[in-house]
Trainee: 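Pasting a structure below so you can have a look.
Within every chain, numbering begins at 1; the chains are lettered A, B, ... in the order of the sequence lines, protein sequences first and strands thereafter. Please read these numbers as outputs of a predicted model, since none were measured by experiment.
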2 protein chains.
Amino acid sequence: MLHSLRNYINRITSSTISDEEFKYVEAAFKMKTLKKRQFLLHEGSVCKFMSFIINGAMRQYHIDDKGNEHIISFGIEEWWISDRGSFTNLTPSRYNIDAIEDTNLLVTTRDEINSLKERSPLFLKMAHILDENSFIASQKRVEATISYTAEEKFIYLMETNPVFVKRFPQNMLASYLGITPETLSRVRKSLLGK
Amino acid sequence: MLHSLRNYINRITSSTISDEEFKYVEAAFKMKTLKKRQFLLHEGSVCKFMSFIINGAMRQYHIDDKGNEHIISFGIEEWWISDRGSFTNLTPSRYNIDAIEDTNLLVTTRDEINSLKERSPLFLKMAHILDENSFIASQKRVEATISYTAEEKFIYLMETNPVFVKRFPQNMLASYLGITPETLSRVRKSLLGK
DNA sequence: TAGAATTATTGATCTATATCAAGCCATTTT
DNA sequence: AAAATGGCTTGATATAGATCAATAATTCTA
């Protein structure tokens with residue numbers, strides 16, 4: 001289980017973490033198992049964790065006044081999932097996080113993360129690269145949502161995250177793209193024809 | 001000029017940078033002046049700088065096939081402006097960055113930033129907090145663009161960045177929100193009536 | 001300060017996408 | 001195996017917002 005996180009740290013930082021340093025990482029995390037449809041975070045509560053997905057699939061979403069779900073992010077193997085806003089500012093979250101498949105996670109808290117960052121330079125480096133990449137990806141997603149048509153949005157998703165397209169049901173992909181399931185269905189149909 | 005950056009570092013990190021440490025910061029930056037409509041970055045070139053706005057106003061935008069501009073970000077006093085994707089991955093930028101008003105900047109390069117981060121712990125901390133905040137803000141903007149109506153988007157902008165609304169022409173605000181100037185004009189009219 | 005350029009408003013259409021509704025699969029549950 | 005549930009498709013219709021066009025207001029600039 002933990003070797004998945006170890007691989008990830010090595011891959012992201014282009015380094016090799018030592019056994020000694022990795023012991024600190026090990027100590028900071030706890031295993032957690034979620035069955036399909038189980039919640040990790042409910043709207044209104046403060047997100048006190050960061051978690052790393054070992055296997056399975058999750059989503060982070062908001063439910064609006066009309067009861068519509070808007071998916072903010074997906075996570076699968078070797079992705080982090082958390083509400084970063086709530087986590088860093090200790091404000092109540094506007095989001096739910098739940099499992100789309102049975103999922104195994106490594107979970108840690110703010111305090112653990114903070115002391116881990118002091119003890120493991122490589123973990124710290126990983127955290128920064130993660131933030132940097134997250135921002136770059138998010139900014140591209142903003143561009144896609146403000147400039148693209150429904151069809152272009154879906155094509156962009158297939159190009160940037162083909163795994164999501166295979167892994168998540170179409171209605172959730174639609175929600176992630178900010179279009180309706182019906183529109184996505186029609187977009188796919190017309191793309192197949194080409 | 002430099003004291004603006006100094007204030008910023010202190011404010012963001014909730015600390016006070018020492019004279020000695022700040023000397024490294026000073027050494028890493030160069031002043032640059034742009035007249036209204038002058039470019040700092042052209043699409044196609046690699047963004048080799050990060051810059052900090054002392055005063056003035058700037059924008060980062062993409063021009064699509066049809067010639068439509070899509071504004072990715074705005075910057076005014078005490079904001080950073082750069083194409084982070086191009087900057088970190090050394091890939092050609094898809095964006096233009098230009099001045100909306102006469103602007104004074106502090107500019108630095110990748111190499112300078114990297115060695116500065118090694119020499120100044122507080123600058124390093126600032127950089128990380130900046131990334132973290134940028135990601136959180138960008139993720140919220142994603143949510144707004146996928147879930148909100150034109151009116152809600154504008155209200156959200158007024159709430160989160162009222163300065164932008166005062167500072168940038170309406171057609172640019174519309175572009176930033178992913179709606180047309182005509183729609184924004186009508187939205188504003190109907191909001192005034194309320 | 002006049003003329004040019006840019007930006008904002010308003011009205012008349014048009015269109016991409018949403019909404020509503022029904023039926024069909026494919027899984028899961030009993 | 002029947003029933004229930006969740007997801008996907010397809011068709012008919014509605015609508016938010018885009019587009020087109022013209023005018024008005026504002027701000028450059030010579």
Trainee: Taking the side chain as every heavy atom from C-beta outward, state whether A:Glu143 and B:Arg94 have any pair of such atoms under 4.5 Å apart.
Mentor: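 Heavy-atom side-chain distance check passes, below 4.5 Å.
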Trainee: Taking B:Asn55 as the fixed residue, which of B:Thr103, B:Asn104, B:Asp102 is the one that meets the side chain to side chain donor-acceptor pair (under 3.5 Å) rule?
Mentor: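 Among B:Thr103, B:Asn104, B:Asp102, the one that satisfies the side chain to side chain donor-acceptor pair (under 3.5 Å) with B:Asn55 is B:Asn104.
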Trainee: Can you tell me how far P of C:dA18 sits from CG of A:Leu177, to the nearest Å?
Mentor: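 Going from CG in A:Leu177 over to P in C:dA18 covers 11 Å.
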Trainee: Please tabulate, one pair per line, all N/O donor-acceptor pairs under 3.5 Å involving side-chain atoms of residues 16-24 of chain A, not counting sequence neighbours.
Mentor:
residue, atom, partner, partner atom, Å
A:Ser18, OG, A:Glu21, N, 3.0
A:Asp19, OD1, A:Arg6, NH1, 3.4
A:Asp19, OD1, A:Arg6, NH2, 2.7
A:Glu21, OE2, A:Ser120, OG, 2.6
A:Glu21, OE2, A:Leu122, N, 2.9

Trainee: Decide if the gap between the ring center of B:Trp79 and the ring center of B:Tyr8 is smaller than 6.0 angstrom.
Mentor: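 Ring-ring flag for B:Trp79/B:Tyr8: false, centres at least 6.0 Å apart.
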Trainee: Nearest whole Å is fine: how far is D:dC28 C1' from B:Glu101 CD?
Mentor: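 It works out to 14 Å between those atoms.
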Trainee: Before accepting this row, confirm whether a basic side-chain N of the pair B:Asp98/B:Arg59 lies closer than 4.0 Å to the acidic partner's carboxylate O.
Mentor: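 Yes, this pair counts.
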Trainee: What does nucleotides 7-25 of chain D look like as a protein-contact string, B for base, S for sugar-phosphate only, - for none, at under 4.0 angstrom between heavy atoms?
Mentor: SSSBBB----SSBBB----
Trainee: Does a side chain donor of either B:Ser138 or A:Ser138 reach within less than 3.5 Å of an acceptor in the other side chain?
Mentor: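 Present: a donor and an acceptor within the cut-off.
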Trainee: Let me know the distance between NZ of B:Lys35 and P of D:dC28, rounded to the nearest Å.
Mentor: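 It works out to 15 Å between those atoms.
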Trainee: Decide, yes or no, whether a salt bridge links A:Arg167 with A:Glu77 under the criterion of side-chain N to carboxylate O below 4.0 Å.
Mentor: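 A:Glu77 and A:Arg167: salt-bridged.
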Trainee: Give the rounded distance in Å between these two atoms: CD1 of B:Ile71 and P of C:dT7.
Mentor: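 That distance rounds to 10 Å.
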Trainee: Just checking B:Tyr176 against B:Phe74, ring centres under 6.0 Å apart?
Mentor: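 Yes: the rings meet the under 6.0 Å criterion.
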Trainee: Across nucleotides 22-30 of chain C, 5' to 3', mark each nucleotide with B, S or - according to how protein heavy atoms within less than 4.0 Å reach it.
Mentor: ---------
